[in-house]
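We use all heavy atoms of the structure for the numbers below, so side chains are in, but hydrogens, waters and symmetry mates are not. Within every chain, numbering begins at 1; the chains are lettered A, B, ... in the order of the sequence lines, protein sequences first and strands thereafter.
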Protein chains: 2
Amino acid sequence: MGEKLKTKELILTVATEVFHNKGYTGARMQEIADLAQVNKAALHYYFNSKQQLFEVILLNSFKNLFISFENLAVKKLPILDKIDFLIDEYSAFVRKKIQIIKFILSEVDKNLPLIQTNIKMISLENSFIDRMYNEFDREMKLGNIKMINPRHLLTNIISMCIFPFIAKPVIMEINKFSTDEINAFLDEREKYIKQFVHNALKI
Amino acid sequence: MGEKLKTKELILTVATEVFHNKGYTGARMQEIADLAQVNKAALHYYFNSKQQLFEVILLNSFKNLFISFENLAVKKLPILDKIDFLIDEYSAFVRKKIQIIKFILSEVDKNLPLIQTNIKMISLENSFIDRMYNEFDREMKLGNIKMINPRHLLTNIISMCIFPFIAKPVIMEINKFSTDEINAFLDEREKYIKQFVHNALKI
DNA sequence: GTCTATAGGAAGATAGAC
DNA sequence: GTCTATCTTCCTATAGAC
């Protein structure tokens with residue numbers, strides 16, 4: 001039984017890799033079987049169909065992304081320092097999980113009902129997001145930062161942290177960057193995002 | 001001869017639609033033929049292979065996106081008003097071209113050499129982007145707005161305008177928005193992006 | 001230039017031996 | 001539980017008639 005669980009998890013691991021890299025329509029059951037060093041029949045034995053295997057992986061990926069997000073350490077810091085900390089955490093997160101983020105963004109549209117019916121399993125009571133909104137609200141009312149809709153503030157920060165990594169090759173072409181230059185540009189972004197957000201929020 | 005050109009362009013039009021919606025691996029030559037009301041053989045007669053048809057469409061799409069970007073009206077306005085104008089233009093642009101933007105972002109990675117060898121055909125001398133950078137520089141030196149690396153400033157603005165539309169369903173789930181709520185949220189974003197950028201740049 | 005017919009192969013899925 | 005062999009369907013591409 002130990003061995004059996006191992007096989008199923010091995011398939012899931014390599015299938016995750018393949019789906020993340022190729023997307024649903026680009027993924028091939030044969031490639032997954034080869035990488036897992038099992039036969040195609042084993043894939044169907046454990047997961048019934050490509051669609052069902054994919055759904056397991058999409059939901060896992062979505063949950064992982066959510067949980068990573070939720071588990072961002074929330075140190076007790078002055079609000080602007082905390083925002084700096086968040087920008088560092090988001091940026092590190094994006095660098096590490098860029099492939100999953102791209103996968104989710106490209107597949108989520110066609111599978112929204114699936115995600116919506118399964119999302120409730122993820123506890124979202126008093127979530128990290130809600131706590132951030134509350135904290136933004138409190139600090140604004142205390143007069144520590146400028147007034148701004150907290151949801152748009154967080155959306156702005158996340159957009160600035162994630163989008164350039166998704167659009168890396170396009171930004172590269174627009175700016176006529178070499179490979180070294182685009183990488184240096186992405187590396188220095190945290191500094192400029194922090195500066196930008198500070199300027200936007202400081203009273 | 002008139003009719004022949006028409007057929008080729010008809011195929012190109014419907015193929016563009018299909019590739020934009022399904023991506024390369026999801027697109028089917030049969031579907032393109034059906035929508036164009038021609039036979040599959042006609043597709044190969046005009047474009048030789050799926051790959052070559054795709055490459056024509058990817059390059060066209062990339063050029064169109066570039067050109068739309070370049071052709072943004074550059075009215076003579078005070079810098080902060082001009083930035084407001086740009087945010088409006090970018091947002092309208094994203095709303096109209098979201099499908100192309102997603103297509104480019106998902107396909108550009110695997111086809112970077114193709115794009116790089118063909119990008120030179122697009123004139124980029126004294127481009128819109130470069131003129132914006134120069135204008136940002138000038139206004140900063142004049143003391144009209146705060147100092148910030150112009151490339152990061154433009155990247156910040158574009159990220160805030162585009163990313164929420166790409167991540168629409170994810171933002172919807174994170175915020176527990178209904179369909180109406182997420183649409184209202186996206187509609188009101190321009191206002192908050194402008195406010196945010198103003199706060200970040202005003203001396 | 002456009003069609004029918006079909007080649008040739010790859011894909012997902014299943015039956016049945018072990 | 002894992003395999004080989006095979007089915008069926010689908011896909012890209014081509015040959016050849018008109």
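Candidate nucleotides C/dA13, D/dT12, C/dA5 were compared by shortest atom distance to the side chain of A/S49, and C/dA13 ranks first. The listed nucleotides are C/dA13, D/dA13, D/dC3; the one nearest the side chain of A/M29 is C/dA13. The listed nucleotides are D/dA13, C/dA13, C/dT14; the one nearest the side chain of A/A41 is C/dT14.
Considering only side-chain N and O atoms, A/T7 lies under 4.0 angstrom from the phosphate OP1 or OP2 of D/dT2. Phosphate contact (OP1/OP2 of C/dA13, side-chain N/O of A/N48, threshold under 4.0 Å): absent. For A/Y45, no side-chain nitrogen or oxygen approaches OP1 or OP2 of D/dT2 to under 4.0 Å. The side chain of A/H44 contributes no N or O atom lying less than 4.0 Å from OP1 or OP2 of C/dT14.
Summarising the geometry, the separation between CD on B/Q52 and C1' on D/dT12 is reported as 13 Å, rounded to the nearest angstrom. A/E31 places its CD atom 9 Å from the P atom of C/dA11, with the value rounded to the nearest Å. In this structure, A/R28 atom CZ and D/dT9 atom C1' are separated by 14 Å, rounded to whole Å. Atom NZ in B/K50 sits roughly 12 Å away from atom C1' in D/dC10 (whole-Å rounding). Rounded to an integer number of Å, the gap from B/Q37 CD to C/dG1 C1' is 17 Å. Remark: P of C/dT4 and CD of B/Q30 are 11 Å apart, rounded to the nearest angstrom. Taking atom CZ of residue B/F54 and atom C1' of nucleotide D/dC11, one finds them 17 Å apart after rounding to whole Å. For the pair A/Y24 OH and C/dA11 C1', the computed distance is 11 Å after rounding to whole Å.
Figure legend: cation-pi geometry between B/K168 and B/F163 absent, as NZ or CZ is not positioned both under 6.0 Å from the six-membered ring centre and within 45° of its axis.
Here the two rings, on B/F177 and B/F185, have centers that are under 6.0 Å apart.
Using a 4.0 Å heavy-atom cutoff across all strands shown, A/A27 reaches sugar-phosphate atoms only and no base atom.
Taking 4.5 Å as the limit, some side-chain heavy atom of B/I166 sits within range of a side-chain heavy atom of B/I98.
Taking a cutoff of 4.0 Å between a charged side-chain nitrogen and a carboxylate oxygen, A/D81 and A/K194 do not qualify as a salt bridge.
Judged by distance alone, the side chain of B/N111 and the main-chain N or O of B/E107 form a donor-acceptor pair under 3.5 Å.
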